[in-house]
Asker: 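If you scroll down you'll find the structure; I have some questions about it.
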2 protein chains.
Amino acid sequence: MSNQTESSAEITPAPAHEADDEPIRSGRDAEATRRALVRAARRRFATDGYRATTVRQIAADAGVNVALINRYFVSKDGLFEACMARTSDELDTQTEAPTRPTDIDGVIDRLIAHVVNAPNGDDPLQLLLLLRSSGDENADRIRRNTLEHFTEKLAAAAGWNADDPTTAPLLLRAQLAIATMLGVVMLRASAGVEPVASAGHDELAGPLNQLFRTLFEG
Amino acid sequence: MSNQTESSAEITPAPAHEADDEPIRSGRDAEATRRALVRAARRRFATDGYRATTVRQIAADAGVNVALINRYFVSKDGLFEACMARTSDELDTQTEAPTRPTDIDGVIDRLIAHVVNAPNGDDPLQLLLLLRSSGDENADRIRRNTLEHFTEKLAAAAGWNADDPTTAPLLLRAQLAIATMLGVVMLRASAGVEPVASAGHDELAGPLNQLFRTLFEG
DNA sequence: TCTCTAAGTCAGCGACTGCTTACATACCCG
DNA sequence: CGGGTATGTAAGCAGTCGCTGACTTAGAGA
């Protein structure tokens with residue numbers, strides 16, 4: 001690799017211009033443009049990281065002029081913040097409160113599904129956005145809040161109660177589960193380490209189930 | 001954050017010019033200079049990532065002229081590769097073969113120690129170097145090899161045998177343990193998420209021990 | 001049809017990037 | 001002491017970065 005002339009696609013081969021559900025971008029629609037930018041940015045930021053992603057790449061992926069990033073999101077940081085906020089929202093709605101107060105089984109199943117294949121159409125790589133930092137204070141705050149909120153939801157499903165100090169250890173255990181989840185996604189996607197990289201749902205579900213169950217019930 | 005004028009210290013406040021064991025850099029010592037550069041670079045790369053780290057930062061941290069990076073390591077990529085190789089070596093010697101073929105207890109203890117406080121003087125953050133990519137093919141190969149070698153060592157301690165296919169699942173389980181380890185370090189150091197961020201050895205050792213034991217013996 | 005505004009385009013600035021080149025200095029050996 | 005080489009320094013080049021301001025164009029309301 002000579003100089004910093006890597007141009008594009010450090011790890012991933014470029015998202016092929018977005019083949020999502022968005023109906024052909026025709027004409028002038030500010031809201032659609034914003035959405036296209038966020039979608040392209042999330043992918044890039046999650047896979048390549050903040051600094052390695054250039055606004056020109058994002059704009060190209062979204063099929064949009066570069067200057068519009070600054071028009072709609074003020075700055076690259078602003079766009080990153082929007083991405084973080086959206087990931088936060090999605091994670092919140094996807095992990096809606098379990099039907100029963102302590103329905104750890106269903107939650108564990110959903111966790112595993114998240115690692116192997118995200119419930120929405122998108123890949124688990126999006127989760128890695130939670131580990132990326134832009135150095136922007138506000139975005140970092142959103143990220144931390146998201147992770148802590150996720151922790152509490154998970155812990156609650158396992159019986160954690162904010163008013164009952166004896167259940168406090170469940171918080172830490174929930175975070176260990178999250179750490180495992182994120183670690184596995186990292187090893188699979190980012191590092192491509194075998195054999196976990198090419199392991200399917202069936203191979204992963206067993207050990208992960210056992211692991212999570214021990215964490216919450218053992 | 002205006003423009004890209006962040007100069008230095010995105011996440012970390014700068015390593016304060018290295019207060020390590022290295023005896024005062026006096027005069028001209030190529031080997032010492034090389035070591036100083038690698039030490040400073042490892043810290044930066046591990047905490048801030050490859051792209052966010054500039055060669056000028058590294059040189060300043062090491063108290064050395066920027067041009068020497070190119071003299072001794074050819075390029076920024078070359079320096080990164082040297083960092084990766086050194087991390088690979090350290091991890092290899094630190095996790096030397098257990099006394100007995102299947103001495104999983106001792107290995108688990110060492111894993112936990114790695115997460116909370118690395119055995120050598122350096123912080124666990126160094127582990128994150130294993131998750132960083134520069135886009136350089138060679139460095140990525142070293143990284144993948146290191147992780148897979150680490151996997152096999154860990155699995156071997158749990159009874160894995162390359163010649164016995166029935167022990168193959170232990171490889172995957174060892175990698176789940178590694179994923180957990182890396183994930184916890186991420187959450188603690190990089191994201192600073194509570195409560196795991198400020199949890200001490202005693203609070204973490206229990207659940208982690210239980211988790212690893214389940215993974216290998218359950 | 002005309003007009004006004006929102007949406008999108010374009011060229012380029014200043015800052016910073018990794019790296020090179022030409023030069024200065026300290027150390028070793030005869 | 002005097003060269004010769006290894007080590008370190010200073011200045012700057014070419015390229016990329018995020019971002020800006022002036023511009024054009026599409027589309028809805030009168």
Asker: Just to verify, what does Ala168(B) make a side-chain contact (heavy atoms from CB on, under 4.5 Å) with, not counting sequence neighbours?
Answerer: none

Asker: Filter on side-chain hydrogen bond (donor to acceptor under 3.5 Å, both in side chains), then keep only pairs touching residues 79-89 of chain A, sequence neighbours left out; what's left?
Answerer: Arg42(A)-Thr87(A), Glu81(A)-Asn138(A), Arg86(A)-Glu90(A), Ser88(A)-Thr146(A)

Asker: Between atom CZ in Arg44(B) and atom P in dT17(C), what is the gap in whole Å?
Answerer: 11 Å

Asker: Taking CZ from Arg35(A) and P from dA7(C), how many angstroms apart are they, rounded to a whole number?
Answerer: 13 Å

Asker: Let me know the distance between CD of Glu31(A) and C1' of dA6(C), rounded to the nearest Å.
Answerer: 14 Å

Asker: Given atom CG of Asp29(B) and atom P of dT7(D), what is their separation to the nearest angstrom?
Answerer: 8 Å

Asker: Could Asp61(B) and Arg44(B) be called an ion pair, given the rule that one side-chain N must be under 4.0 Å from one carboxylate O?
Answerer: yes

Asker: Which of these nucleotides, dG18(C), dT25(D), dG8(D), is closest to any side-chain atom of Arg28(B)?
Answerer: dG8(D)

Asker: Return the nearest nucleotide to the side chain of Thr54(B); candidates are dG18(C), dC19(D), dA7(C).
Answerer: dG18(C)

Asker: Name the atoms and distances for all side-chain donor-acceptor pairs under 3.5 Å in residues 179-186 of chain B, with sequence neighbours left out.
Answerer:
{"unit_1": "Thr180(B)", "atom_1": "OG1", "unit_2": "Thr180(A)", "atom_2": "OG1", "d": "2.8"}
{"unit_1": "Thr180(B)", "atom_1": "OG1", "unit_2": "Leu176(B)", "atom_2": "O", "d": "2.9"}

Asker: Using atom CZ of Phe80(A) as one end and atom P of dC17(D) as the other, report the distance to the nearest whole Å.
Answerer: 18 Å

Asker: Quickly work out the Asp77(A) CG to dG18(D) C1' distance and round it to whole Å.
Answerer: 10 Å

Asker: Quick one: is Ser75(A) getting a side-chain N or O under 4.0 Å of the dG18(D) phosphate, OP1 or OP2?
Answerer: no

Asker: With sequence neighbours left out, what residues match Ala199(A) under side-chain contact (heavy atoms from CB on, under 4.5 Å)?
Answerer: Arg188(A), Glu203(A), Leu204(A), Leu172(B)

Asker: Which whole-number value in Å describes the distance from Asn70(A) CG to dC13(C) C1'?
Answerer: 14 Å

Asker: Counting the atoms with a prime plus P, OP1 and OP2 as sugar-phosphate, which does Tyr72(B) contact under 4.0 Å by heavy atoms, base, sugar-phosphate, or nothing?
Answerer: sugar-phosphate

Asker: Could you state the CZ-C1' distance from Arg51(B) to dG15(D), rounded to the nearest angstrom?
Answerer: 13 Å

Asker: What pairs of nitrogen or oxygen atoms, one from the protein and one from nucleotides 9-12 of chain C, lie under 3.5 Å apart?
Answerer:
{"unit_1": "dT9(C)", "atom_1": "OP2", "unit_2": "Asn65(A)", "atom_2": "N", "d": "3.4"}

Asker: Using the closest heavy atom to pick a nucleotide of DNA chain D for each, name whichever of Ile69(A) or Ala30(B) lands nearer the 5' end.
Answerer: Ala30(B)

Asker: Sequence neighbours excluded, which residues qualify as side-chain contact (heavy atoms from CB on, under 4.5 Å) partners of Asn70(B)?
Answerer: none

Asker: Would you say Thr33(B) reaches dT7(D)'s phosphate, i.e. side-chain N/O to OP1/OP2 under 4.0 Å?
Answerer: no

Asker: Side-chain donor-acceptor pair under 3.5 Å between Asp136(A) and Tyr50(A), yes or no?
Answerer: no

